[in-house]
Amino acid sequence: MGSQPKLSIFLTKDEIEAAVKRLAAEIRREYQDKYPLLICVLKGSFMFMADLIRHLDFPLEVEFIRLSSYGRGRESSGKIKAVQGLRSKVRGREVLVVEDIVDTGLTTGFLLDHLRQKKPTSLSLCALTDKPSRRQFPVTIDYLGFTVPDKFLVGYGLDWGEKFRNLPDICLLEVEE
Ligand code: 5GP
């Protein structure tokens, strides 16, 4: 039957909701008069983005970008490429990137460099989770939900081979061989 994943709750949906509200309040203070462009990094950030913008009661735009760094397993392939480009103009915009997790930093670093070349007025990063112990590429997170340990997380948008994105909590996944 192969390996069986074992899940245990790491962050409950209530803890996530409280963090999302806190981040929304911080983002509101900075962006309420700036008509920002929020860029959601697919697929993992879709749930976070959807919940976050529900708490942002001022004019903004959303855009979606798809990058690949992880394959079906748990380790980064290290190869990053934009597979779905941006339609909105970034030049002259106040841009806020919305990420699910910053791990090695390669994916986010690549995306921020890519966006910086398009000359936004400002470029900031909001990440729900951060695994600083795994960092290979320095990334500044302007709005952070949680610092997490070097464990593999699933749920609330995060997957394991495309599974478990629909879990409302963020769970630790351990594979028993
Ligand atoms: P990085 O390039 O920073 O190493 O990886 C960023 C991407 O790897 C994240 O956007 C996410 O898709 C994936 N990733 C990193 N850590 C985890 C994790 O613990 N769980 C899941 N499901 N994906 C992760």
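All heavy atoms count here, side chains included; hydrogens, waters and symmetry mates do not. Numbering of ligands and ligand atoms starts at 1, following listing order.
Ser45 contributes a side-chain N or O that, together with a main-chain N or O of Asp100, makes up a donor-acceptor pair within less than 3.5 Å. A donor-acceptor pair under 3.5 Å links the side-chain atoms of Lys131 to the main chain of Lys151, judged by distance alone.
Ligand-side atoms of ligand 1 in range of Lys151: 19 (O), range being under 4.0 angstrom from any heavy atom. Which parts of ligand 1 touch Leu106 is read off a 4.0 Å heavy-atom cut-off, strictly below it: atoms 2 (O), 3 (O). Atoms of ligand 1 found under 4.0 Å from any heavy atom of Asp159 (numbered from 1 in listed order, with element): 21 (C), 22 (N). Those atoms of ligand 1 that come under 4.0 Å of a heavy atom in Thr104, given as number and element, are 1 (P), 2 (O), 3 (O), 4 (O).
Of the polar atoms of Trp160, none of the N or O atoms is found under 3.5 Å from an N or O of ligand 1, judged by distance alone. Some N or O of Leu153 is nearer than 3.5 Å to an N or O of ligand 1, by distance alone. Checked against a 3.5 angstrom limit, the closest N/O atoms of Gly105 and ligand 1 fall inside it.
Under the side chain to side chain donor-acceptor pair (under 3.5 Å) rule, Tyr156 has a single partner from Asp51, Asn166, Thr129, Asp169, which is Asp51. Exactly one of Leu37, Thr121, Leu123 qualifies for a side-chain contact (heavy atoms from CB on, under 4.5 Å) with Val90. That residue is Leu37.
Remark: Lys13 does not engage Glu17 in a salt bridge, criterion side-chain N to carboxylate O under 4.0 Å.
Among Leu173, Thr107, Thr108, the residue whose heavy atom sits closest to atom 6 (C) of ligand 1 is Thr107. For atom 17 (C) of ligand 1, the nearest non-hydrogen atom from the set Glu162, Lys131, Glu99 comes from Lys131.
At a 4.0 Å heavy-atom cut-off, ligand 1 touches Asp100 through the side chain alone.
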Please test Asp159 against Lys43 for side chain to side chain contact (heavy atoms under 4.5 Å, CB included), starting from the C-alpha separation and ending with a verdict.
CA-CA 9 Å; Asp159 75 314; Lys43 295 181 186 176; over 6 Å; no
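With 3.5 Å as the limit, one finds no donor-acceptor pair spanning the side chains of Tyr35 and Glu94.
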